[in-house]
Amino acid sequence: AALDAEACEIYSDVDGVYNADPRAVPEASRLDVVDFETMLEMARFGAKVLHAEAVEFARSRGIALLARATRGGTGQTLVRKDLPPESDTPICAIACLSPLHWLTSLPGSNTQALLDSVLQAGISPVFSCQFQEQLALAINDEDQPDVQEWLQDAIQDWSVQEVAAVSVIGHDIAANPQRLRKLQSVMTSAIKKNNPLAFLQSSMRCTWIVPVEEAVEAQRALAGALEL
């Protein structure tokens with residue numbers, strides 16, 4: 001940014017950003033162009049090629065990003081402010097954030113006191129939601145070294161499970177009720193152990209909390225439903 005750069009090349013072991021993790025979804029395809037908002041949401045919720053901080057910095061400075069492979073080749077993904085005018089197909093991608101600690105307050109607990117204890121410990125939940133009189137939190141211990149020690153002290157107040165957050169990401173992804181019902185049905189069928197533990201959505205993201213061992217199957221099911 002100090003050099004007034006218009007673009008920054010970032011190299012890794014893959015030739016760009018894919019619309020799903022190829023290790024989980026072999027038919028995943030590389031995205032030629034992605035807008036900053038979509039890329040930022042993907043990076044925050046599990047896509048590994050570009051760090052969310054790098055995407056946010058580039059967006060704030062107006063610097064385009066080029067994701068390329070260190071081994072060379074012509075494949076790349078361009079991350080820019082807007083999609084080109086000829087791109088008439090909305091981007092839709094799948095991301096998976098795993099593993100996460102899924103904490104559910106025990107019956108009869110003071111949920112506000114429990115939430116206060118989490119925040120006072122300096123722990124930032126990825127998700128939080130209320131189920132009737134129970135509180136549920138998803139916590140990622142990456143970059144939060146105190147989480148494991150805190151969990152040992154807090155185990156008496158919470159039910160703890162290892163989970164994954166599997167997300168479908170794209171502009172207005174939840175705006176189509178028929179598509180959303182289809183995705184919900186697909187996820188219910190894909191999760192063999194239990195139904196998804198929770199469903200959360202925003203204007204750009206639909207996220208299902210699933211047992212960690214069901215994460216790959218969930219990604220494949222969503223990819224099939226979306227015809228990625």
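The figures here come from the full heavy-atom set of this structure, side chains too, leaving out hydrogens, waters and symmetry mates. We count residues from 1, following the sequence as given. What you see is a predicted model; the values in this text were computed from it and never measured.
When all heavy atoms of Pro26 and Ala24 are compared, the closest pair comes out as CD-O, 3.5 Å. Listed here is the closest heavy atom pair of Ile191 and Pro211: CG2-CD, 4.2 Å. Contact detail for Val186 and Leu222: the closest heavy-atom pair is CG1-N, 4.2 Å. The heavy-atom pair separating Ala54 from Leu65 by the smallest distance is O-CD1, 4.3 Å. Gly16 and Arg30 make their closest contact through CA-CD, 4.1 Å (heavy atoms, listed as atom of the first residue, atom of the second, distance). Of all non-hydrogen atoms in Leu100 and Asn140, the two that sit nearest each other are CD2-CB, 3.5 Å.
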Val210 vs Glu217, test: side-chain contact (heavy atoms from CB on, under 4.5 Å). Steps then yes/no. CA-CA 10 Å; Val210 304; Glu217 185 57 37; over 6 Å; no
Please test Val118 against Leu137 for side-chain contact (heavy atoms from CB on, under 4.5 Å), starting from the C-alpha separation and ending with a verdict. CA-CA 10 Å; Val118 173; Leu137 306 175; 3.7 Å; yes
Verify side-chain contact (heavy atoms from CB on, under 4.5 Å) between Met39 and Val17, making sure each step is shown before the conclusion. CA-CA 9 Å; Met39 188 67 248; Val17 177; 3.9 Å; yes
Working note: Ile94 + Ile169, criterion side-chain contact (heavy atoms from CB on, under 4.5 Å); need CA distance, chi angles, decisive distance, verdict. CA-CA 6 Å; Ile94 295 169; Ile169 294 167; over 6 Å; no
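Note: the hydrophobic cluster containing Leu103 also contains Val147 (ILVMFWY, side chain heavy atoms under 4.5 Å, direct or indirect links). The hydrophobic cluster containing Met42 does not contain Ile173, counting ILVMFWY residues as joined when their side-chain heavy atoms lie under 4.5 angstrom apart, directly or transitively. The same ILVMFWY cluster, assembled from side-chain heavy atoms under 4.5 Å apart, contains both Leu228 and Leu180. Tracing side-chain contacts under 4.5 Å through hydrophobic residues (I, L, V, M, F, W, Y), one reaches Val34 starting from Val14; they form part of the same cluster.
Here Arg68 pairs with Glu9, Gln76 under the side-chain hydrogen bond (donor to acceptor under 3.5 Å, both in side chains) rule; sequence neighbours left out. When the ring-ring contact (aromatic ring centres under 6.0 Å, His included) test is applied to Phe131, no partner is found at least two apart in sequence or on another chain. Shown here are the salt bridge (charged side-chain N to carboxylate O under 4.0 Å, His left out) partners of Glu37, two or more places apart in sequence or in another chain: Arg59. For Asp21, the side-chain hydrogen bond (donor to acceptor under 3.5 Å, both in side chains) partners two or more places apart in sequence, or in a different chain, are Arg23. Scanning for side-chain hydrogen bond (donor to acceptor under 3.5 Å, both in side chains) contacts around Ser29 gives Asn19, with sequence neighbours left out. Under the rule for a side-chain contact (heavy atoms from CB on, under 4.5 Å), the partners of Thr111 that lie at least two apart in sequence or sit in another chain are Ser105, Gln130, Leu135. Legend: residues meeting salt bridge (charged side-chain N to carboxylate O under 4.0 Å, His left out) with Glu27, ordered by chain and number and at least two apart, are absent.
Proximity of His171 to Asp35: side-chain heavy atoms (C-beta onward) are separated by under 4.5 Å at one or more points. Residues Leu197 and Trp208 fail the side-chain proximity criterion, which asks for heavy atoms closer than 4.5 Å. Using a 4.5 Å heavy-atom threshold, the side chains of Glu53 and Phe57 count as separate. Inter-residue side-chain proximity for Val79 and Leu50 is flagged as met; some heavy-atom pair is nearer than 4.5 Å. Contact check for Leu66 versus Thr77: no side-chain heavy atoms found under the 4.5 Å cut-off. You'll find the side chain of Leu183 reaches within 4.5 Å of the side chain of Leu226, heavy atoms only. Between Ile209 and Leu200, the closest side-chain pair of non-hydrogen atoms falls below 4.5 Å.
Within a 6.0 Å sphere centred on CD of Glu227, heavy atoms belonging to other residues, nucleotides or ligands number 12 at most.
Applying the salt bridge (charged side-chain N to carboxylate O under 4.0 Å, His left out) test to every pair with at least one member in residues 196-209, sequence neighbours left out, gives these pairs: Glu41-Arg205. For residues 173-183, no residue pair satisfies the side-chain hydrogen bond (donor to acceptor under 3.5 Å, both in side chains) rule, not counting sequence neighbours. Listed by first and then second residue, the salt bridge (charged side-chain N to carboxylate O under 4.0 Å, His left out) pairs involving residues 131-142 amount to none (not counting sequence neighbours).
For the atom pair Leu40 CG and Met204 CE, the distance stands at 8.5 Å (nearest 0.5 Å). Between the CG atom in Leu114 and the CG atom in Leu106 there is a gap of 8.5 Å [rounded to 0.5 Å]. Considering CD of Glu214 and OG of Ser98, their distance stands at 12.0 Å, rounded to 0.5 Å.
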Side-chain donor-acceptor pairs under 3.5 Å in residues 149-168, sequence neighbours left out?
{"unit_1": "Glu162", "atom_1": "OE2", "unit_2": "His101", "atom_2": "ND1", "d": "2.7"}
{"unit_1": "Ser167", "atom_1": "OG", "unit_2": "Thr207", "atom_2": "OG1", "d": "2.6"}

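Val25 belongs to no hydrophobic cluster, as no Ile, Leu, Val, Met, Phe, Trp or Tyr side chain comes under 4.5 Å of its own.
Screening Trp102, Phe199, Phe45 against Phe127 for a ring pair (Phe, Tyr, Trp, His ring centres under 6.0 Å) leaves a single residue, Phe45.
Looking at Glu56 and Arg61, no side-chain N of the basic residue comes within less than 4.0 Å of a carboxylate O on the acidic one, giving no salt bridge.
In this structure, Arg80 contributes its side chain and Asp82 its backbone to a donor-acceptor pair below 3.5 Å.
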